[in-house]
Amino acid sequence: MSVKMPPDALRALPSVDALISSPGGAALIERYGRAPAVDTLRGLLDDARTRLRGGESVAADASSLLDRAAVHLHEEARGTLIPVINATGVIIHTNLGRAPLSEDALAAVRAVGGGYSTLEYDLEAGARGSRLAHPETLLCALTGAEAALVVNNNAAATVLMLATLARGREVIVSRGQLVEIGGGFRVPDIMAESGATLVEIGTTNRTRAADYERAITENSAALMRVHSSNFKQIGFVEETPITAITRVAHDHGVLALDDLGSGALLDTAAYGLAHEPLPQESLQAGMDLVAFSGDKLLGGPQAGILVGKRELVERLKRHPLARAFRADKMTLAALVATLLHYRKGEALEQIPVWRMIARPLAEVRAQAAAWASQVGGSVVDGYSAVGGGSLPGGTLPTALLALNVSSPDIFTATLRRADPPVIARIQDGRVVFDPRTVLPEQSDKLIEIIGRTLQSES
Ligand SMILES: *Cc1c(COP(=O)(O)O)cnc(C)c1O
C-alpha cells in the first residue's frame, strides 16, 4: 500500500525539545509538571505525524501544539470527578453523587482524614478499640435498636445479612418485591451471591400473610421484606403489612429481615410527600434486622447501616465479609456527624437533603424570580423529585427559571462544559433550572454561567 507523505510538513514539525524549551513550554512545565507536559507534547507530535502521513492537514506549528497541550493538561489536572451544579431538582441524584454532606460532616472528614484518630483505639484502656463502636450508640438512640453495624453501602449490608443468617437456607420474598434498584442491584442476584435460596411467593401485585405462612419449611431461615424503592404499583395491589410478616416469622421460629432501602429517620409526610418507612417503625413492628443506606434520605455519606437484635448484629460483626465490607474512617466520621444532627434536632437546618425537602415553595419561587431578574427568562411551575430510589413518584411542587433558547440541546451541552459544569433539564422545549437543588453558595456562579452561555448564543 502506498502512503501519502508530505515530507515538508513532516520536516517542519518542531521537536519535543524545542517545544519544552520555548517560553510557552516552560510555562506548561511550571504549571503542570515536567513529565505531564513532555508526555502530552510528545503525544500530540506523534499524533500530528500519523495524520500528516495519512495525508491529513494538521495545524502543527509550535503555537497550535502548545495551545492544544494547555487544554489537554488542564483537563488532566482537573480530573473527571469534579463538583457540578445540580439544577435538575432531583434531590438524591444517584448520578450526581446522591446526598451532599453537611458542614459538620465535612469538618469531621477533614479532622479525621487529615491526621491520626481513635478509629480503632480506646482512649480509656490505652488499647485497641473497635471502629464499629463510633456510630453504634447514636444509631441505637435514634432507632431504638439494641445494636448496630455500619458497612460500605446497603448492597453490602444486605449481602452480609443474608450470608451470615441464611447461607444454604431459604429466604422467602414476595414476588412484588423482587426489584432491581439500579446500578446492578437485583434482589435475586444478591440473594444468589450470598448463598441463600430465594423462595418467591405471591404474585406480582398481591401477596398475603398466608402466602408467607405456606412457604415456610424446616429449611427456611427468614422472611424478607424489600422496599420497592424506585417503582410503585397502583390498582389491584396488596402488600402484606410488616407487622403480619414479623408475626408469621416469629410464630414459625424464622427471622424477619428488612431491606428498607432509603431509610429516612424523619417523616417525609410532613412535607407533602408520601410516607417513607422509617427504620424505627420496622423495629417496632418486630423486624429482627433492618438494612438501609447512609446517603439516601439519611443525607450522609455512602454507607450501609444495619440495626436490630444484638445477638444477630454480633454474628454479622464476626463474619469474614464484615471485614471485607468495612467502612472507612472518613465515612464513619461523616456518618457520626450526620447522626448528631438528628440527635440534636437540627437535621432540617443542617442536612442539605432535608433542607431541600423542607424548603418552602415561596422561598424557591423567590430565588427563581431573583434569577430571572438577573438573566431574563420566566418563572414557571414544576416539580422537584426526591430521587435516589426513595419515594417512587414522590415529587414536591417547585418554581423553575425557564429560558427560551434556540437549541435547548446545544444550550444544555454548553452548560455541561462550564466550570463548574451545570446540569439542567429541558421541559416543554425550554431549559429549566430548579433552585431547590442549587446550593446557596453556588447561586452567583450559576447566574454568571447562564449569563455567559446566553451571550455566546446570541
Ligand atoms: C438503594 C437500595 C439498595 C442499595 O443501597 P446502596 O446503599 O446503594 O448500596 C438496596 N436495597 C434497596 C431497597 C434500595 O433502595
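Ligands are counted one by one from 1 in listed order, and the atoms in each one are counted from 1 as well. This is a predicted model, so every value here is computed, not measured. Here, residue 1 is the first one in the sequence, and each next residue gets the next number. We use all heavy atoms of the structure for the numbers below, so side chains are in, but hydrogens, waters and symmetry mates are not.
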Under a 3.5 Å threshold, yes or no: a donor from one side chain and an acceptor from the other, between His227 and Asp259? no

Taking only heavy atoms of His227 into account, list the atoms of ligand 1 that are under 4.0 Å away from them. 13 (C)

Taking only heavy atoms of Ser293 into account, list the atoms of ligand 1 that are under 4.0 Å away from them. 5 (O), 6 (P), 7 (O)

Less than 3.5 Å between some nitrogen or oxygen of Asp259 and one of ligand 1, yes or no? yes

Thr158 near ligand 1, heavy-atom distance under 4.0 Å? no

Looking at Arg98, which atoms of ligand 1 are within less than 4.0 Å of one of its heavy atoms? 6 (P), 7 (O), 8 (O)

Check whether any side-chain heavy atom of Tyr32 lies under 4.5 Å from a side-chain heavy atom of Thr40, and answer yes or no. no

List every atom of ligand 1 that sits less than 4.0 Å from any heavy atom of Lys296, numbering the atoms from 1 in the order shown and giving each element. 1 (C), 2 (C), 3 (C), 14 (C), 15 (O)

Look only at interatomic distance and state if Val226 has a nitrogen or oxygen under 3.5 Å from any nitrogen or oxygen of ligand 1. no

Salt bridge Glu75-Arg78, side-chain N to carboxylate O under 4.0 Å: no

Would you say ligand 1 has an N or O under 3.5 Å from any N or O of Asn154? yes

Report yes if some heavy atom in the side chain of Leu297 is under 4.5 Å from a heavy atom in the side chain of Val353; otherwise report no. yes

Checking Ser384 against Arg436: is there a side-chain donor and acceptor pair closer than 3.5 Å? yes

So, Thr217 versus Glu170: side-chain donor-acceptor pair below 3.5 Å or not? yes

